[in-house]
Amino acid sequence: DTGVSQDPRHKITKRGQNVTFRCDPISEHNRLYWYRQTLGQGPEFLTYFQNEAQLEKSRLLSDRFSAERPKGSFSTLEIQRTEQGDSAMYLCASSFVPGLAPVEQFFGPGTRLTVL
Amino acid sequence: RKEVEQDPGPFNVPEGATVAFNCTYSNSASQSFFWYRQDCRKEPKLLMSVYSSGNEDGRFTAQLNRASQYISLLIRDSKLSDSATYLCVVPRGFQKLVFGTGTRLLVSP
């Protein structure tokens, strides 16, 4: 399977714990995005990388959240001191952007986080 | 006003029916748009891109009305397999997608 993969698919944690999610994009894609989706809502943008550089972060991304893409390939999203409000589906997407026009983003299956 | 607004539905239609969804957007500078489909507990997948006045792909037609700032999606001859949530998407800048809440479609036998 050459699509976007995410690990783990499900994570249950207790409030206050730290969690880390991993995303492996489609190999030739230079851009990687993180979104969060809660029930009944569309995905909300969190952050994106162009190769290894993190170019934009949403206001939704509090200081408890950190994302990295150290070698321009896979990415990790860490949430420290989780809160119940962090419970959501965390979606990763990737795209190849040769120019300026918006292009399709390919989404992974997501990591469903439940904070108890 | 939200950047992208959709009627959440659900729209309940019988097989074979024609159904249309509308989506309004607030940024008049937006040039391109997408419709994504999301099945229950699955990731969103691109259904159609809309770059000019509209686009057609088989039973699906997307139309763009720039003056009124809305995009529509028309599904003809609905199939049971069309049951899903349809997400209207407006790129902000060149790097991120702004999603509507989605419109849920239920096609019944």
Side-chain angles (χ1 to χ4, degrees), chain A residues 1 3-6 9-10 23 25-26 29-51 53-61 67 88-114, chain B residues 2-11 21-27 29-52 55 57 62 64 71 73 84-106:
Chain A
D1 187 351
V4 179
S5 62
Q6 293 187 246
R9 298 290 304 277
H10 304 274
C23 171
I26 294 171
H29 284 183
N30 56 350
R31 286 202 177 165
L32 186 149
Y33 313 80
W34 285 98
Y35 292 83
R36 181 173 70 185
Q37 185 174 25
T38 53
L39 195 63
Q41 301 298 315
E44 295 174 293
F45 171 81
L46 293 178
T47 188
Y48 90 99
F49 293 83
Q50 171 94 8
N51 300 314
Q54 187 174 19
L55 298 186
E56 187 170 347
K57 293 168 62 174
S58 163
R59 287 172 295 171
L60 294 174
L61 217 64
M89 175 75 87
Y90 289 84
L91 292 161
C92 176
S94 71
S95 64
F96 176 69
V97 184
L100 297 179
V103 298
E104 177 184 3
Q105 293 179 17
F106 294 82
F107 284 82
T111 294
R112 184 170 297 278
L113 173 66
T114 302
Chain B
K2 287 185 178 180
E3 281 190 74
V4 183
E5 293 198 72
Q6 294 183 256
D7 181 343
F11 284 60
F21 312 133
N22 279 344
C23 164
T24 58
Y25 61 94
S26 61
N27 185 358
S30 298
Q31 295 294 311
S32 59
F33 309 86
F34 301 109
W35 282 101
Y36 273 71
R37 171 192 168 130
Q38 187 171 29
D39 293 302
C40 187
R41 294 184 171 272
K42 299 284 189 180
E43 71 272 24
K45 293 184 179 179
L46 182 67
L47 179 67
M48 298 185 77
S49 304
V50 187
Y51 292 109
S52 56
N55 192 8
D57 183 5
L64 169 61
I71 315 130
L73 178 66
T85 296
Y86 292 84
L87 297 160
C88 176
V89 184
V90 180
R92 188 196 297 165
F94 305 113
Q95 62 274 14
K96 63 189 173 195
L97 304 180
V98 180
F99 287 80
T101 56
T103 297
R104 191 172 171 209
L105 173 64
L106 300 172

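Per chain, numbering begins at 1; letters A, B, ... match sequence-line order. The model shown is predicted, which means the values in this text are computed figures rather than measured ones.
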Would you tell me whether A:Q37 and B:Q38 have side-chain atoms, one donor and one acceptor, within less than 3.5 Å of each other?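 Distance-only check passes for A:Q37 and B:Q38.
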
Is there a side-chain contact between B:Y36 and A:E104, using heavy atoms and a 4.5 Å cut-off?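 Yes. Closest side-chain heavy atoms under 4.5 Å.
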
**Report entry** Atom pair NZ (B:K96) and CZ (A:R31), whose distance is rounded to the nearest 0.5 Å
**Finding:**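 Here the rounded value is 11.5 Å.
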
Nearest 0.5 Å, please: how far is CG in B:L97 from OH in A:Y33?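 Rounded to the nearest 0.5 Å, the OH-CG separation comes out at 7.0 Å.
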
What part of A:Q50 lies closer than 4.5 angstrom to a heavy atom of chain B: side chain, backbone, both or neither?
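Answer is neither: A:Q50 stays 4.5 Å or more from chain B.
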
Tell me the closest heavy-atom pair linking B:L87 and A:P43, and the distance in Å.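 It is CD1-CD, 4.2 Å.
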
Chain A heavy atoms under 4.5 Å from B:P44: which part of the residue, side chain, backbone, both or neither?
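It is both, since atoms from each part get that close.
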
Query raised in the report: So with a 6.0 Å cut-off around CZ of B:R37, is the heavy-atom count from everything else above 12?
Result: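 Buried by this count: over 12 neighbours within 6.0 Å.
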
